[in-house]
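Right, one structure below, let's go through it.
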Amino acid sequence: MSGLLIRGARPYGEGEPVDVLIVDGEIREIGADLDAGDAEIVAAQGQVLLPGFVDLHTHLREPGREDTETIETGSAAAALGGYTAVFAMANTDPVADSVVVTDHVFRRGREVGLVDVHPVGAVTVGLRGERLAEMGTMAAGEAGVRVFSDDGNCVADPLIMRRALEYAHSLGVLIAQHAEEPRLTVGAVAHEGPNAARLGLAGWPRAAEESIVARDALLARDAGARVHICHASTAGTVELLKWAKAQGIAITAEVTPHHLLLDDSRLATYDAVNKVNPPLREASDAAALRQALADGVIDCVATDHAPHAEQDKCCEFAAARPGMLGLETALAIVAQTMVAPGLLDWRGVARVLSENPARIVGLDDQGRPIAVGEPANLTLVDPDAEWTVRGRELASIAQNTPFEEMTFRARVTATVLRGRITARDGAVAVRAGGF
Ligand code: DOR
Ligand code: ZN
């Protein structure tokens, strides 16, 4: 009998340490001092065992910008970050608006084998917001696309959005909206507020996001459909989500690690590593987002991992591209912003990084309980490991990160996908044998 024996970790950081025996991709036994037989032992004393993380919002850049990330390097970053499934956004080149592209991304992800790569299909052809893409064909393809998004762009036309929601409802798939009224953000590069005004940066009002969140909640209500809000960034969005959920509207939302941790005071250096869409908001918004995640008003954390080439970030602020790396730093930031101040315990971390995202997209083999008979998609976290972020040490091709030289406590030490180790102690597993 071969397999894995995780020795001495505490599931969800609760109770006494236990051993977890994994055979044939499933949890076979949980108990004290289990016999390892010929299973490989993972010493995990002092560590927290969580269900593998699921990222609903990753930009893997392949096809088209393989100079910044590929499905292979992005999968490595995901495995190192504790992820067992990621949803790869559709704003590639060519756009993932056809089954040819979505099935290609899916197959390449499977070939790499480090994380389940689920392609997100575009809602509209070419992300242009004019005509619905063939969602049904993508959903019926090999990848079985279950999330559609024009992320990077907002589906701004209310009639197109209404049709998309109706269509998605009948297909049983999810629309994830990048909520940004484009007429309110023409030329905008930073959050509209005192900081941007002082720095002379064109401002991006909260209302650009909130007006679309409110509109889409109403459209979802009328269509009887579900809608998911990408990267919620304002206190007002939190209030709207509360309102919509109280009405029984089927709305869910994600928040990024960077919006939990950072605010627009970071812009003072004009360093475009801090440029992101939606922009870093004010400290009061970040506090509201943290509270909303703790309260369940925001359902999950999603990275919006968005690698960009050095020349697209290390340039004039207005000209730089928005986006930052996220996969390898997400857990540490959630630990710092949510666990350390007591807003979430590790059970709560499992909820926002794994269970809720898996439930939102209907993955039945992810975000499962740590229990006998369940698929062994698992993440081990050392809650006391201090580490310092260095972009050049991350697995992504792009190396710029706003978290450069920041020190965090809590780090992923191992990731297990269907019983196979995909990353361990900062190294990605190499493909070998059955891998
Ligand atoms: O900052 C962002 N970067 N926000 C988005 O919506 C898109 C993303 C990207 O693709 O670079
Ligand atoms: Zn977006």
Side-chain angles (χ1 to χ4, degrees), residues 55-71 74 77 86-97 105 119-124 126-127 129 147-156 161 174-182 185 188-191 204 208-209 212-213 216 227-234 237 253-262 264 266-267 271-281 300-313 315 317-327 329-330 396-398 400-403:
D55 190 12
L56 296 187
H57 194 142
T58 312
H59 296 274
L60 292 182
R61 303 296 191 221
E62 183 181 347
R65 285 306 301 261
E66 291 87 348
D67 58 319
T68 62
E69 194 77 291
T70 64
I71 291 169
V86 298
F87 283 73
M89 276 296 173
N91 63 342
T92 49
D93 183 11
V95 170
D97 59 2
V105 170
V120 174
V123 177
T124 67
L127 308 176
V147 180
F148 291 85
S149 180
D150 275 4
D151 184 65
N153 294 349
C154 181
V155 181
M161 185 59 177
L174 182 70
I175 302 285
Q177 175 71 295
H178 169 114
E180 174 191 349
E181 167 48 60
T185 59
V189 298
H191 166 67
W204 186 302
E209 173 171 314
I212 296 291
V213 173
D216 287 357
V227 66
H228 179 76
I229 302 299
C230 294
H231 40 51
S233 75
T234 76
T237 289
E254 65 189 37
V255 62
T256 69
H258 46 271
H259 287 107
L260 292 173
L261 180 66
L262 306 177
D264 71 344
R266 300 264 311 180
L267 303 184
D271 188 337
V273 291
N274 298 304
K275 184 171 176 181
V276 68
N277 175 0
L280 300 179
R281 302 283 184 184
C300 65
V301 172
T303 66
D304 197 2
H305 178 85
H308 285 294
E310 193 60 15
Q311 70 269 21
D312 292 327
K313 290 300 264 183
C315 59
F317 197 88
R321 299 218 179 166
M324 38 187 72
L325 300 181
L327 287 166
T329 43
S396 289
I397 296 174
N400 52 81
T401 164
F403 311 117

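Order of listing sets the numbers, starting from 1, for every ligand and every atom in it.
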Quick one: look at [X] and ligand 1, take heavy-atom pairs under 4.0 Å, and tell me if it's side chain, backbone, both or neither.
{"X": "Arg61", "answer": "side chain"}
{"X": "Met89", "answer": "neither"}
{"X": "Met324", "answer": "neither"}

Problem set entry | For Leu56 against Cys300, the heavy-atom pair lying closest together |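 Residues Leu56 and Cys300, closest heavy atoms: CD1-SG, 4.0 Å.
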
Exercise. What do you reckon, does Arg321 put a non-hydrogen atom under 4.0 Å from ligand 1?
Worked result: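 So Arg321 does not count as touching ligand 1.
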
Atoms in ligand 1 with a heavy atom of [X] nearer than 4.0 Å:
{"X": "Asp151", "answer": "5 (C), 6 (O), 7 (C)"}
{"X": "Gly152", "answer": "6 (O), 7 (C)"}
{"X": "His231", "answer": "6 (O)"}
{"X": "His308", "answer": "11 (O)"}
{"X": "Ala306", "answer": "3 (N), 8 (C), 9 (C), 11 (O)"}
{"X": "Val276", "answer": "1 (O)"}
{"X": "Gly323", "answer": "1 (O), 2 (C), 3 (N)"}

For this session: Would you mind telling me which of His308, Lys313, Met324 makes a side chain to side chain contact (heavy atoms under 4.5 Å, CB included) with Lys275?
Result: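 Answer after filtering His308, Lys313, Met324: Lys313.
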
Problem set entry | Pair His228-Val147, side chain to side chain contact (heavy atoms under 4.5 Å, CB included): steps then yes or no | CA-CA 9 Å; His228 179 76; Val147 180; over 6 Å; no

For this session: Using a 4.5 Å cut-off on heavy atoms from C-beta on, say whether the side chain of His191 contacts that of Thr234.
Result: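 Sidechains of His191 and Thr234: no contact.
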
Problem set entry | Minimum side-chain heavy-atom gap Leu280-Asn274 below 4.5 Å |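 Leu280 vs Asn274: side chains touch.
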
Measure the distance from [atom] to every protein heavy atom, then report the residue, atom name and distance (to 0.1 Å) of the closest one.
{"atom": "atom 10 (O) of ligand 1", "answer": "Asn91 ND2, 2.8 Å"}
{"atom": "atom 3 (N) of ligand 1", "answer": "Pro322 O, 3.0 Å"}
{"atom": "atom 8 (C) of ligand 1", "answer": "His59 NE2, 3.7 Å"}
{"atom": "atom 4 (N) of ligand 1", "answer": "Asn277 O, 2.7 Å"}

Exercise. Aromatic rings His57 and His231: how do their planes relate, parallel, tilted or perpendicular, breaks at 30° and 60°?
Worked result: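 Answer is tilted, since the angle falls between 30° and 60°.
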
Exercise. Is it true that a side-chain atom of Asp150 and a backbone atom of Val155 form a donor plus acceptor pair closer than 3.5 Å?
Worked result: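 No, Asp150 side chain to Val155 backbone: no donor-acceptor pair under 3.5 Å.
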
For this session: Go through the steps to decide whether Phe403 and Leu262 satisfy the test side chain to side chain contact (heavy atoms under 4.5 Å, CB included), and finish with yes or no.
Result: CA-CA 10 Å; Phe403 311 117; Leu262 306 177; 3.8 Å; yes

Exercise. Is a salt bridge present between Arg65 and Asp67, judged by a nitrogen-to-oxygen distance below 4.0 Å?
Worked result: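 Answer for the salt bridge query: yes.
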
For this session: Measure from the Zn ion (ligand 2) to each N, O or S atom of Asp151 and report whether any distance is below 2.8 Å.
Result: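 Coordinating: yes.
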
For this session: Given side-chain hydrogen bond (donor to acceptor under 3.5 Å, both in side chains), test His178 with Asn153 step by step and report yes or no.
Result: CA-CA 6 Å; His178 169 114; Asn153 294 349; over 6 Å; no

Exercise. Please state the angle at the Zn ion (ligand 2) spanned by ND1 of His178 and NE2 of His231: what is it, rounded to 10 degrees?
Worked result: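 Taking the Zn ion (ligand 2) as the apex, the two atoms subtend 100°.
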
For this session: Kindly indicate, with the supporting measurements, whether the criterion side chain to side chain contact (heavy atoms under 4.5 Å, CB included) is fulfilled by Ile175 and Val123.
Result: CA-CA 8 Å; Ile175 302 285; Val123 177; 4.1 Å; yes

